[in-house]
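Data block below; observations after.
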Amino acid sequence: MSWRSEQIWIELIPGSRKGSNFVWVFILFFGSLEFLLVGISSYLSRNLISFFPQGIVMTFYGISGLFISLYLLSMLLWNVGGGYDQFDKKRGVICLFRWVFPGRNRRIFLRFFIKDIRSIRIEVKEGFYTHRVLYMDIRGQKAIPLTRTDEILTPIEIEKRAVELASFLCVPIEVL
């Protein structure tokens, strides 16, 4: 999702709050809860649910699955990786903001001048796991990714985003 005018372009970054992540947390939590109940029912020698009791291994799987699902749920609640990119031609500044795990450095806030941008770069890696990433190449800095590396974009989508951003910022495009 993004908002755009002639002078300002704000692009919201969803981070870990994707529909598929919510589905995986739900499946993992209830699946591991069932494993835990099977293990407990085996320990108590009672059939709490309709599965054949398996013992301590099922309890281990249940507890580890609960911890993993709590970890994923905390990522969703804290919106790790979420934030925004703001391109302001009026002030000549680019602001990149991201949320990370709680702690001393919970917020990442980067600010650059538009005049320091050398190019918008598209990097394509073909092979078994093909991915395309959009970078902003800044003088004196490393290239900063503008799309997530796990985001699957078609060649047309990545080119369209690169062309729109490069024309908005009046910078060239590089393809690697």
Side-chain angles (χ1 to χ4, degrees), residues 1-29 64 66-127 129-176:
M1 186 176 135
S2 65
W3 179 84
R4 192 164 142 181
S5 71
E6 284 188 30
Q7 298 295 319
I8 298 176
W9 181 352
I10 299 173
E11 190 168 337
L12 297 177
I13 310 297
S16 60
R17 289 188 183 168
K18 297 186 297 186
S20 62
N21 286 349
F22 283 103
V23 170
W24 279 112
V25 165
F26 180 79
I27 290 170
L28 187 60
F29 178 76
S64 61
L66 284 175
F67 280 124
I68 292 170
S69 68
L70 289 175
Y71 168 76
L72 290 175
L73 183 63
S74 66
M75 281 185 57
L76 292 173
L77 294 176
W78 292 323
N79 195 20
V80 173
Y84 65 87
D85 298 339
Q86 179 181 354
F87 306 96
D88 189 351
K89 284 176 26 177
K90 187 176 183 180
R91 294 186 312 167
V93 175
I94 296 173
C95 299
L96 306 174
F97 176 80
R98 298 289 185 277
W99 290 106
V100 293
F101 284 102
R104 213 174 57 170
N105 299 324
R106 169 99 165 98
R107 298 174 192 94
I108 296 176
F109 187 75
L110 303 173
R111 186 176 289 188
F112 304 102
F113 292 112
I114 292 176
K115 65 181 180 183
D116 291 339
I117 298 175
R118 287 194 311 204
S119 66
I120 299 297
R121 189 171 77 202
I122 302 172
E123 189 172 299
V124 179
K125 292 195 178 178
E126 298 291 334
Y129 179 67
T130 302
H131 69 279
R132 297 162 187 90
V133 183
L134 189 65
Y135 288 95
M136 186 169 50
D137 199 9
I138 300 173
R139 263 184 220 102
Q141 303 270 337
K142 283 182 144 182
I144 297 174
L146 297 175
T147 57
R148 294 191 331 255
T149 55
D150 67 339
E151 192 173 1
I152 300 171
L153 298 170
T154 64
I156 294 171
E157 290 172 334
I158 195 86
E159 287 174 13
K160 182 181 176 189
R161 287 177 78 175
V163 167
E164 287 177 353
L165 186 58
S167 65
F168 182 79
L169 298 173
C170 302
V171 295
I173 297 175
E174 291 180 15
V175 179
L176 296 178

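These numbers were taken from a predicted model, which means no experiment stands behind them.
- Atom-to-atom distance recorded for E159:CD and E157:CD is 11.0 Å, nearest 0.5 angstrom.
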What side-chain donor-acceptor pairs closer than 3.5 Å can you find for residues 71-80, not counting sequence neighbours?
residue	atom	partner	partner atom	Å
S74	OG	L70	O	3.4
S74	OG	Y71	O	2.6

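- Nearest approach of I122 to A162, heavy atoms of both residues: CD1-CB, 3.6 Å.
- Legend: salt bridge (Lys or Arg N to Asp or Glu O under 4.0 Å) pairs involving residues 108-120, not counting sequence neighbours, sorted by first then second residue: R118-D137.
- When all heavy atoms of P145 and A143 are compared, the closest pair comes out as CD-O, 3.8 Å.
- How far CD1 of I94 is from CD1 of I144: 8.5 Å, rounded to the nearest 0.5 Å.
- Note: Q86 CD to I8 CD1 = 6.0 Å, rounded to the nearest 0.5 Å.
- When all heavy atoms of A166 and I173 are compared, the closest pair comes out as CB-CG1, 3.4 Å.
- Among all heavy-atom pairs drawn from F168 and S5, the shortest one is CE1-O, 3.6 Å.
- Residues forming a side chain to side chain contact (heavy atoms under 4.5 Å, CB included) with S20 (at least two apart in sequence, or on another chain): K18.
- Residue L134 holds its CG atom at 6.0 Å from CD1 of I120, rounded to the nearest 0.5 Å.
- Counting all heavy atoms, side chain and backbone alike, V133 lies closest to I158 at C-CD1, 4.1 Å.
- No more than 12 heavy atoms of other residues, nucleotides or ligands shown are found within 6.0 angstrom of CH2 on W24.
- Heavy-atom contacts from other residues, nucleotides or ligands closer than 6.0 Å to CZ of R107 number 12 or fewer.
- Applying the side-chain hydrogen bond (donor to acceptor under 3.5 Å, both in side chains) criterion to S119, with sequence neighbours excluded, gives E174.
- Residues satisfying the side-chain hydrogen bond (donor to acceptor under 3.5 Å, both in side chains) criterion with R17, sequence neighbours excluded, are absent altogether.
- The side chain to side chain contact (heavy atoms under 4.5 Å, CB included) test with I114 is passed by exactly one of V171, V93, L169: L169.
- K160 pairs by the salt bridge (charged side-chain N to carboxylate O under 4.0 Å, His left out) definition with nothing, not counting sequence neighbours.
- Here the straight-line distance linking atom OH of Y135 with atom NZ of K142 works out to 10.0 Å at 0.5 Å rounding.
- Shown here are the side chain to side chain contact (heavy atoms under 4.5 Å, CB included) partners of F29, two or more places apart in sequence or in another chain: L33, L66, S69.
- Taking E164 as the reference, R4 meet the salt bridge (charged side-chain N to carboxylate O under 4.0 Å, His left out) condition, with sequence neighbours excluded.
- No side-chain donor-acceptor contact under 3.5 Å links R121 to the backbone of M136.
- Contact of the V100 side chain with the N105 side chain is not registered, since no non-hydrogen atoms from C-beta on lie closer than 4.5 Å.
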Original post:
Would L146 and L96 count as a side chain to side chain contact (heavy atoms under 4.5 Å, CB included) if you check the C-alpha gap in whole Å, the side-chain angles of each, and the deciding distance to 0.1 Å?
Top reply: CA-CA 9 Å; L146 297 175; L96 306 174; 4.3 Å; yes

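- Pairs passing the salt bridge (Lys or Arg N to Asp or Glu O under 4.0 Å) check and including a residue from residues 69-94, sequence neighbours excluded, read D85-R98, D88-R91.
- When side chains are defined from C-beta on, E11 counts as touching R161, because their heavy atoms get closer than 4.5 Å.
- Considering only residues two or more places apart in sequence or on other chains, F22 meets the ring pair (Phe, Tyr, Trp, His ring centres under 6.0 Å) condition with none of them.
- Residues passing the ring pair (Phe, Tyr, Trp, His ring centres under 6.0 Å) test with Y84, sequence neighbours excluded: F97.
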